[in-house]
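Read the structure below first, then the notes.
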Amino acid sequence: MNQQLSNLSETGAFLSAGTSIPAAEASGVREECGIFGILDTAGKSVARDIYRGLCALQHRGQESCGIAVSATDGPPKNMSVHKGLGLVSEVFDENCLASLSGNLGVGHVRYSTSGSTTAENTQPLVLTYMKGTLALAHNGNLINAASLRREQEYTGALFHTTIDSEVIAYGIARERIRSSSVEEAVCRTASRLEGGYALVVASPRKLIGVRDPYGLKPLCLGRRGSAWLLASESCALSALGAEFVRDIRPGEAVTITEAGICSWPVTESPIRPAHCVFEYIYFARLDSVIDGVSVYDARLKSGAALARSCPADADLVAGVPDSGLTAAAGFSMESGIPFALAFCKNSYVGRTFIKPTPEERQSAVQMKLSVLEPVVRDKRIVLVDDSIVRGTTMSALIRMLRQAGAKEVHVRISSPPFLHPCYFGTDVPTGRQLIASSHSVETVCSLIGADSLGYLTLEDLGEMTGGLPLCRACFDGRYPMEVPKGDIRNELENL
Ligand code: AMP
């Protein structure tokens, strides 16, 4: 039997969910953030473009958002900013956008990976220093934020937030005092950062984009007429009708001014970049292309690979909306088993993943997804999702399918078992929360109540992204850099 495939169809083992799935703490795995920056060299106002860019990146964070804009021909300390808790469409209205005038700006959508969800922790962070006002939006997680912050505090810095991004913003402002340009200050600051980061910075006259030396976090460059754009994902460029120019390279920074664009190495890049594999598996939007790989293609390939490595005798293939749909289509194409919609999704219910207790998460799953009974009754089903973290979603869905009369449910997961914490932006600092880290595939299969369970292999994971160098430490524990031993989750809050 395939090592990653457990087949319990003979035993029909079924343990009720909620009782046997390990309870997770309030802060489980969390998603990343989305960042966006734009400079219109013809002086046109950019607030509405940032708004649209953030709407296209909304899937990367729904806790809070913000926009900061300034005019490159205005006073250097004149930055307008508006931030708030909630979705982009909730935080901004027409009046608010009209009040944000300027041709240079950055925006942020947040799903916290460090620091709690408070108004102070919203981004962009805006600070005024001797050269003017600087706005910074950050995606990622630093592993040395606490030590950098302590060092800055000892030299008199005062912090207003509990997020690592403020350590970066303060670092740039402080380095600027002894640097001849903001680029040099960014360089000096970046050379001290450890972890995953993509940054967009609006300094009074320049738009700057930076990507960590491993390229863990995505950032791409686009162009539309007189405007240059930077965004976490290419889907935000398409949403604005901008042309994709290229990805920012690992360890690269770009400065955009009215004179054009220039690129410079921000730190020495490692020989082998390590792009976050979870972007392709789950985070990124289907229509984005990151580091030359289409997210849609990667997911389709993962489903096809699953069909080859973990085949199942079934009547139909269904995906968990929305994260499992593309891999399910890939499984169906490869296996010839018809694709069907087994669930109807209520798009107006918020995220189920971050509810604090297993019971709440389970009922939230039921609120969000309902079974299409006529489709599944008396059917043997292959059910595809992108990942199992705690097992809550899958056990709830299998129970619902069985209640609706499904005969068999064969679960296929388009990633390998999630075994190790991520320190770079996916907030799972303790392996304890991950069901696969303490249970065999057979036991997980039994706990979620499936007839069989199969995961993508590590080899197929590599193929799904066409050999792109990846960080897949959450699956194989091989981190691209040395990582802290303990739990760094609330470090800055506890300082
Ligand atoms: P769980 O119910 O805890 O096993 O979580 C698995 C479900 O959460 C799957 O449907 C995934 O699509 C989704 N998921 C996986 N990773 C994340 C993440 N980092 N943030 C939010 N949802 C996620």
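When a ligand or atom number is given, it counts from 1 through the structure's own listing order. Quick note: residue numbers are just sequence positions, from 1. None of the values given here were measured: they were computed from a predicted structure.
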Can you list the ligand 1 atoms lying under 4.0 Å from a non-hydrogen atom of F283?
19 (N)
Parallel, tilted or perpendicular: which describes the rings of F278 and F475, with under 30° parallel and over 60° perpendicular?
tilted
Do any nitrogen or oxygen atoms of V389 lie less than 3.5 angstrom from nitrogen or oxygen atoms of ligand 1?
yes
Considering only heavy atoms, does D385 approach ligand 1 within less than 4.0 Å through its side chain, its backbone, both, or neither?
side chain
Quick one: does D315's side chain have a donor or acceptor within less than 3.5 Å of a partner on R380's backbone?
yes
Checking heavy-atom distances from atom 4 (O) of ligand 1 to each of A436, G391, C474, the winner is G391
Do H138 and Y197 make the cut of ring centroids closer than 6.0 angstrom?
no
Just to be sure I read this right, does ligand 1 sit under 4.0 Å from the backbone of S323, its side chain, both, or neither, counting only heavy atoms?
side chain
Might you work through the side chain to side chain donor-acceptor pair (under 3.5 Å) test for H275 and D291, ending with a clear yes or no?
CA-CA 8 Å; H275 304 293; D291 293 310; 3.0 Å; yes
Which residues pass the side-chain contact (heavy atoms from CB on, under 4.5 Å) test with T326, sequence neighbours left out?
L286, Y296, R299, L300
Distance under 6.0 Å and angle within 45° of the ring axis: does R149 meet both against F159?
yes
Which atoms of ligand 1 are found less than 4.0 Å from any heavy atom of I388?
4 (O)
Check whether any N or O atom of F278, backbone or side chain, sits under 3.5 Å from an N or O atom of ligand 1, and answer yes or no.
no
Could you pull out, from L434, T393, L397, the option with a heavy atom nearest to atom 7 (C) of ligand 1?
T393
